[in-house]
Protein chains: 2
Amino acid sequence: MNILHLIKVQRDQLSKAEAKVADEILAAPEEAMNMATAELASRAGVSDPMVSRFCRSVSCNSFPELKVQLAKALAHRASFISEAVSKGDTAHTVIEKRINSNQAALEYLRSHLDTQSIDAAVKAMSGARQIIIAGMGGAAAIAKDAQHKLFRLGIPTVAYDDHLMMRMAAAGASSKDCFLIFSVTGRTNAMIEIAELAKQSQVTLITITNPDSPLAKLADITITSGDELEDTTIYVPMTTRIIILTIIDIIATALALAQGPAAEAQLTKVKHSLDTTKRKASAERKTSKNSKP
Amino acid sequence: MNILHLIKVQRDQLSKAEAKVADEILAAPEEAMNMATAELASRAGVSDPMVSRFCRSVSCNSFPELKVQLAKALAHRASFISEAVSKGDTAHTVIEKRINSNQAALEYLRSHLDTQSIDAAVKAMSGARQIIIAGMGGAAAIAKDAQHKLFRLGIPTVAYDDHLMMRMAAAGASSKDCFLIFSVTGRTNAMIEIAELAKQSQVTLITITNPDSPLAKLADITITSGDELEDTTIYVPMTTRIIILTIIDIIATALALAQGPAAEAQLTKVKHSLDTTKRKASAERKTSKNSKP
DNA sequence: GTGTTAATGTTATTTAATTACAAGATAACA
DNA sequence: TGTTATCTTGTAATTAAATAACATTAACAC
């Protein structure tokens with residue numbers, strides 16, 4: 001856990017004066033990093049040694065060490081604020097801003113992804129007879145991607161983006177199956193309908209969606225899609241995509257580990273199946289070099 | 001530019017004693033960060049003030065400031081090394097490791113993404129009559145995702161994952177169109193064939209692929225897919241996915257900016273078209289609360 | 001060889017951070 | 001309600017760290 005989170009979490013268990021220091025740092029961590037104890041102390045309205053004591057309370061050995069921890073934490077977080085693109089931006093600026101946003105999104109995921117949900121999802125999927133994935137609209141590509149990643153592990157997996165196919169699949173599923181629904185907002189009527197059908201089939205229902213949504217309420221296991229994070233400006237509807245993809249990545253990786261050697265062998269087999277569709281690297285290079293002069 | 005790069009670059013222009021300090025820091029930056037001037041000085045075999053002077057030479061006002069800079073630089077770099085998952089990992093460890101890897105991948109992208117290629121791609125796509133996207137296998141989901149993102153901007157866009165459809169589209173394309181090919185390795189024979197067909201149609205060919213591949217050689221504009229980064233261990237075939245997705249994000253964002261108010265209006269229109277498919281947030285909450293007692 | 005400049009080390013000073021201690025506040029219990 | 005114990009905070013003192021000032025040495029030019 002990074003130092004800013006730690007401070008935030010411990011904030012209420014600190015003494016009054018220490019809490020003042022915590023607030024001062026949380027209010028302007030970037031600035032706090034470049035202050036001396038004396039300055040930070042006076043800003044927080046406490047005595048110098050309080051700052052030292054505060055450092056100890058948040059498990060740093062000294063104030064300079066706290067500064068280093070802050071720097072580490074801020075290196076990731078730096079971009080959370082006001083990284084929305086604007087009209088005059090050059091390509092270079094857009095690149096920087098979007099990469100920053102996406103890194104920040106991952107940082108958010110680090111502190112908000114629930115380990116237990118992941119564990120539960122992996123356990124359910126690991127023992128499933130088949131995994132059925134559903135996603136519409138923007139989530140259709142995600143569903144397809146998840147299917148591509150999971151079937152490689154040797155678990156029968158299908159992905160649907162068609163509402164009628166989803167209905168049939170949901171109705172026909174058994175209690176031995178896992179039904180995986182991707183929906184960023186969790187408010188699409190069509191998807192909620194599918195979830196209700198799936199529940200009637202006694203299937204284990206896992207949703208990657210907004211945890212406050214009606215869809216989430218129907219699920220056995222819910223993992224946050226980061227919808228609450230999404231910037232509402234029309235330019236930036238991308239953050240959740242990265243979050244969901246990383247969640248798939250995490251689940252697939254954990255699943256592969258849970259499956260053990262079997263999955264490993266399966267992955268190798270699937271990988272090698274593509275060998276004959278590829279052009280060889282060395283042969284190609286030689287040809288193109290020789291053909292020029 | 002981060003402080004480690006700076007030190008590396010300036011290393012040879014420093015005086016003999018300062019160079020010793022530089023070497024000591026570069027050899028073990030993580031440790032150097034936790035040392036006092038005196039210790040670093042003795043390790044480097046120089047006097048204490050040399051360390052202070054060294055800090056000035058690399059544009060830091062003090063040694064503590066250098067430490068902060070080092071912390072910032074290392075925060076990103078830290079995760080590159082040995083973050084591959086292994087058998088005993090808990091869910092929590094997998095989460096941390098995969099997030100670290102993905103953040104590191106974005107960091108890599110920041111320094112390796114070519115601004116000019118992005119600019120060129122945006123310019124070409126901005127003026128295109130239509131955009132045709134092709135991707136097979138793992139790239140099929142990516143292609144679909146890109147289509148979903150680009151058509152919202154008001155540019156006619158289609159995505160294909162079927163080889164025969166791609167052939168027809170490539171053969172039928174005109175010089176006013178953009179043909180976008182996603183292929184991580186750039187060695188899939190089927191995709192190379194499509195690229196050759198597309199070139200014959202005089203279309204502007206943009207590839208997101210390994211820049212050293214045969215596919216890249218055929219393209220008018222190439223953007224790296226990060227294939228060279230991909231961990232060859234079978235557990236981790238995910239990094240490129242994040243990179244490519246972020247590239248799409250960047251291009252779409254830049255494109256939206258380039259289109260100006262027209263794109264903005266279009267985005268709003270498309271967004272509102274979904275309104276009637278969604279369940280209202282407030283209404284739902286009330287219902288579910290009241291229905292319980 | 002001597003003067004000049006740049007580079008480094010030694011010593012001194014300043015600054016910053018923490019320890020030690022004392023005073024005050026707060027809570028617990030008689 | 002008073003008394004004691006504990007916990008919190010500030011003041012003063014100490015220590016440690018970093019830099020400035022100065023001295024020395026080394027390198028080079030003339």
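Just so we're on the same page: letters track the sequence lines, and every chain starts at 1. All values below come from the heavy atoms of this structure, side chains included, with hydrogens, waters and symmetry mates left out.
Contact check, B:Thr37 against D:dA18: a side-chain N or O comes under 4.0 Å of OP1 or OP2. Using a 4.0 Å cut-off, no side-chain N or O of B:Ser15 falls inside it from OP1 or OP2 of C:dA6. Phosphate contact (OP1/OP2 of C:dT19, side-chain N/O of A:Arg56, threshold under 4.0 Å): present.
Residues B:Ile243 and B:Thr224 have side chains not in contact (no heavy-atom distance under 4.5 Å, counting atoms from C-beta outward).
Residue B:Met50 places its side chain closer to C:dG9 than to any other of D:dG10, C:dG9, C:dT19. Closest to the side chain of B:Lys16, out of C:dT8, D:dA18, C:dT18, is C:dT8. Checking D:dT19, D:dT11, C:dT26 against every side-chain atom of A:Pro49, the shortest atom distance belongs to D:dT11. Proximity note for A:Ala17 (side chain, C-beta onward) versus D:dT9, D:dT19, C:dT18: the nearest is D:dT9. The side chain of A:Arg53 sits closest to C:dA20 out of D:dC22, C:dA20, C:dT18.
Nearest approach of B:Ser117 to B:Thr222, heavy atoms of both residues: OG-O, 3.4 Å.
At a threshold of 4.0 angstrom between heavy atoms, the contacts of A:Val51 with the nucleic acid are absent.
A salt bridge does not link B:Lys20 with B:Glu24: none of the charged nitrogens is closer than 4.0 Å to a carboxylate oxygen.
When the P atom of D:dA13 is taken as reference, atom CG of A:Asp48 falls 15 Å away, rounded to whole Å.
The backbone N or O of A:Ser62 lies less than 3.5 Å from no partner atom in the side chain of A:Arg56, so there is not a single donor-acceptor pair.
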